[in-house]
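Here is the structure we will look at, set down as structure tokens.
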Amino acid sequence: MGAVDPVVAAGISRIVSVAVPRPLDSYFSYGIPEDARGLGPGTWVRVPFGRSTVIGFVVDEPKPIAELPPSLDPSKLKAILECGDEEDRIPSDVFALCSWAARYYAQPLGELLAAACPPASLGLRSANREAKELTRTLVAPREIRLNEEQTAALDGLETLRKSAAPGTALLHGVTGSGKTEVYIELAKRALAEGRGVILLVPEIALTSQLHERLEAGVGETVARWHSAMPDAKRRDQAAALRRGEIRVVVGARSAVFAPMRDLGLILVDEEHDPTYKQEDRVHYHARDLAIVRGKDAGALVVLGSATPSLETRERVREGKYASFPLTARFARGGMPAIEVIDLGEEPQVEGIQAPIAEKTLTIMKETLARGEQIMVYLNRRGFAAFLRCRDCGEVSECPNCSISLTVHKRSRELRCHVCGHAEGIPDVCPKCQAVDLDPIGAGTESLEEEIPKLLPEVKTLRLDRDAVTSASRLEKTLNAFRAGEAQILLGTQMLAKGHDFPRVTLVVVVLADALFRYPDFRAPERALQILSQVSGRAGRADLPGRVLIQTYQPDAPVISVLRGLRTEDDFLAEERELRQVLAYPPYGRMARLRVESTERNEAVSRCEAIANALRGAQTAIEGEEPGVRLDFLGPSEAFLERAKGIFRWDLLIKSSSVRALGRSIAIAKRTAAAEKWPLLVDVDPYGLG
Ligand code: ADP
Ligand code: ZN
């Protein structure tokens, strides 16, 4: 009698392949317990993995154990410990979207499936309980009358939505032109035909106001979908969506994967916003995935923006997307008047760290005297940009990252905005022991401290990642400002997003210059978008708005556009030409390969080895498709060469062909995998260093 076969002993006759949420490209075979039913692509499973267990997803149909790859020893086969029911499988369309994204972005399918369907949203048996009643009866939808432009846009979009292949369309409307009202009307019509609706917004911060507007507008329950959601709520919502009880979702990036039934409409608000690109852990672009999902579902995809991305504008030019303009603000106040304040010329208020022109202060006082509100935008949090020794010029740098430390006075710390490293503010220069340490450059914290010196009677609220550490804090701050409890709202980028405050008539951009120095080919486009968006916060109701942009570079191209000295079209045409010459998106595809190591030499040499492998294969790949060109740039150090103690070296691949790009990535991955080197792949990268 031979040894007992442990697999047979365990009573296993069938196996499936499972994708686990790890940076691994391969799947793993597991045995199916005899009592498990209804397993197939998209079923979640808890499986033993290494020394622990993980939640993974089945990627194929069950097959007999005889089909186990010969390289696998059947006696080593492990069995699934727990698995989901038929009802909580990832819907086949979402599974297909994840598979597409895994291929296109060269990301592990297991990680994408986990992003689409976080373990918290699964009906794990260990957490099983009665789902709460989620839907509630709302009042009848609010009826509004659209203006002429809105009506034309709605009609055009409705015609597309009802067609056989709706495709993608752009709703190009200036800030406050009523894009959201058009979204609501479109959603109502899709819902009336029994189709589900997804509204994507760039940041969770934006969802609460929009969520309320949408719910009141469509007159039914709208789910909020974001990663900060409590697990139980998320699970209930996922179940309600699968059952078709909730038919509208609003959320950030990951909402593109919401298990919506009979999807008929995807709205992507602020489509140009770079936060749609997910970059931690797994990489994907939510707007681009929305377009893919919409196409597969036969759903209309509407991209809304006041400042569409060059990529989207190019698709419109090519005739691939229809475009509907909203050229005027709905409110009587009209578009805000933009004035540029030349900080090199205008006298500045003395005795404070932030550069505030006397003229700016006067206008702020006049605004406050009329009982109106002000938003002040400064894109640096903290007290000062850095600490510099007056004697030797030494600047305090992070020990882990190639970046200077920011002064945070209230917590008496120098802090790294990359890795979070914090240390006490030194009394003397660590290098020369001199006692004259100067905080240089203003941050939101110093400005908040200085405003009372300028405007003693005024209450200020601050909105940045230090002041607002949770969604509820954020909502509190926004509500307090809306209720008029403060006259000034001071903050970073968080301010720029779609907030609608009727009493804000003045927006002050303290220093626009930092926006021009961002190390990315999209920087000029991005600067224009941010400044337009911040400006768009002024005068949204009946009071006319005014925007003051302070800068030392009044001749910067973006500033000329805002001053009306150049048209936006002219500016964008130049950007387009530049990108065409350099074969940057939208005129070419790009991927960034990043090699990381704690040793600088190792990062460089590995990057070189991968570059050599790619250059060796270049002619062969180019030969596979006529007219295709590949370009490899680098190795070069990342913009932040060192972050969190890790050195980062990059290789950039450019090509006109998605295929050639994919082939190159595969070669790079193989080269790295053979040596067990970690390699990060970023297809369509944003924020290039
Ligand atoms: P956008 O999304 O383009 O920034 P909104 O949809 O927020 O613009 O509209 C700006 C303001 O004008 C909002 O307060 C909105 O309620 C109002 N508004 C827009 N269109 C209409 C309309 N047709 N009837 C009444 N109010 C409208
Ligand atoms: Zn650091």
Side-chain angles (χ1 to χ4, degrees), residues 141-155 170-188 199-202 206-207 209-218 250 267-273 302-308 324-336 382 386 395-406 408 413-423 482 496-504 529 532-543 545 598 638-648:
R142 182 174 66 104
E143 293 297 336
I144 64 153
R145 276 179 62 104
L146 297 183
N147 67 21
E148 211 169 296
E149 276 191 321
Q150 286 172 318
T151 307
L154 178 68
D155 289 349
L170 170 66
L171 183 60
H172 188 172
V174 298
T175 51
S177 58
K179 294 185 289 296
T180 311
E181 300 298 341
V182 175
Y183 300 155
I184 292 170
E185 291 307 306
L186 273 169
K188 278 205 271 195
L199 168 59
L200 296 182
V201 293
L206 283 180
T207 55
Q209 206 191 345
L210 204 60
H211 178 252
E212 277 169 33
R213 269 180 85 180
L214 198 60
E215 241 179 19
V218 299
V250 54
L267 303 156
V268 184
D269 194 29
E270 314 284 9
E271 68 85 26
H272 61 273
D273 200 296
V302 179
L303 309 180
S305 177
T307 49
F324 301 93
L326 301 177
T327 55
R329 277 204 162 177
F330 187 81
R332 261 178 294 153
M335 290 303 281
F386 49 87
V395 170
S396 302
E397 287 228 349
C398 176
N400 312 318
C401 310
S402 37
I403 196 171
S404 55
L405 295 167
T406 305
H408 287 254
E413 278 173 338
L414 295 178
R415 248 191 267 162
C416 172
H417 285 184
V418 173
C419 73
H421 165 87
E423 58 187 62
R482 188 167 298 118
K497 314 285 175 164
H499 310 296
D500 195 6
F501 297 109
R503 291 211 66 77
V504 171
Q529 286 163 349
S532 311
Q533 224 169 1
V534 180
S535 306
R537 299 311 115 213
R540 290 178 62 90
D542 292 338
L543 303 165
T598 49
F639 168 59
L640 269 178
E641 187 193 6
R642 190 155 171 258
K644 306 179 189 179
I646 309 269
F647 288 90
R648 299 122 47 96

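Throughout, numbering of the chain's residues begins at 1 and tracks the sequence. Keep in mind the model is a prediction, meaning the values are calculated, not measured. We count ligands from 1, going down the list as the structure has it; atoms in each ligand are counted the same way.
- One finds no salt bridge joining E423 and R415 here, because no Lys/Arg side-chain nitrogen approaches an Asp/Glu carboxylate oxygen to under 4.0 Å.
- V268 places none of its side-chain heavy atoms less than 4.5 Å from the side chain of V302.
- Residue contacts with ligand 1: D269 is excluded, as none of its non-hydrogen atoms falls under 4.0 Å.
- At a threshold of 4.5 Å between non-hydrogen side-chain atoms, the residues H421 and L405 count as touching.
- Here H421 fails the criterion, with no N, O or S atom under 2.8 Å of the Zn ion (ligand 2).
- Close contacts of ligand 1 with I144, meaning ligand atoms under 4.0 Å from a residue heavy atom, involve 22 (C), 23 (N), 24 (N).
- There is no side-chain donor-acceptor pair under 3.5 Å between R145 and T151.
- Those atoms of ligand 1 that come under 4.0 Å of a heavy atom in V174, given as number and element, are 3 (O).
- For the pair H172/L326, no side-chain contact is recorded, criterion being any heavy-atom separation below 4.5 Å from C-beta on.
- The closest side-chain heavy-atom distance from T327 to V174 is not below 4.5 Å.
- The closest protein non-hydrogen atom to atom 11 (C) of ligand 1 is D500 OD2, 4.2 Å.
- Side-chain contact check for L170 versus F324: every heavy-atom pair is 4.5 Å or farther apart.
- In this structure, atom 24 (N) of ligand 1 lies nearest to the protein heavy atom F330 CZ, 3.2 Å.
- Residue contacts with ligand 1: G173 is placed with no nitrogen or oxygen under 3.5 Å of a nitrogen or oxygen of the ligand (distance criterion only).
- Taking atom 4 (O) of ligand 1 as the reference point, the nearest protein heavy-atom neighbour is G176 N, 2.9 Å.
- Among the atoms of T175, none of the N or O lies under 3.5 angstrom from an N or O of ligand 1.
- Between E641 and F647 there is a side-chain heavy-atom pair separated by less than 4.5 Å.
- Counting only heavy atoms of the protein, atom 2 (O) of ligand 1 lies nearest to T180 OG1, 2.6 Å.
- Between G178 and ligand 1, a contact under 3.5 Å exists for at least one N or O pair.
- The shortest side-chain heavy-atom distance between E271 and L200 does not fall under the 4.5 Å cut-off.
- Counting heavy atoms from C-beta outward, E149 and S177 have side chains that stay 4.5 Å or more apart.
- Q150 NE2, 2.9 Å is the protein heavy atom nearest to atom 20 (N) of ligand 1.
- For atom 23 (N) of ligand 1, the closest heavy atom belonging to the protein is R145 O, 2.8 Å.
- Distances shorter than 4.0 angstrom occur between a heavy atom of R213 and an atom of ligand 1.
- Taking the Zn ion (ligand 2) as the apex, the angle formed with SG of C416 and SG of C398 is 110°, to the nearest 10 degrees.
- Evaluated by nearest non-hydrogen atom to atom 16 (O) of ligand 1, the leading choice among E181, Q533, E270 is E181.
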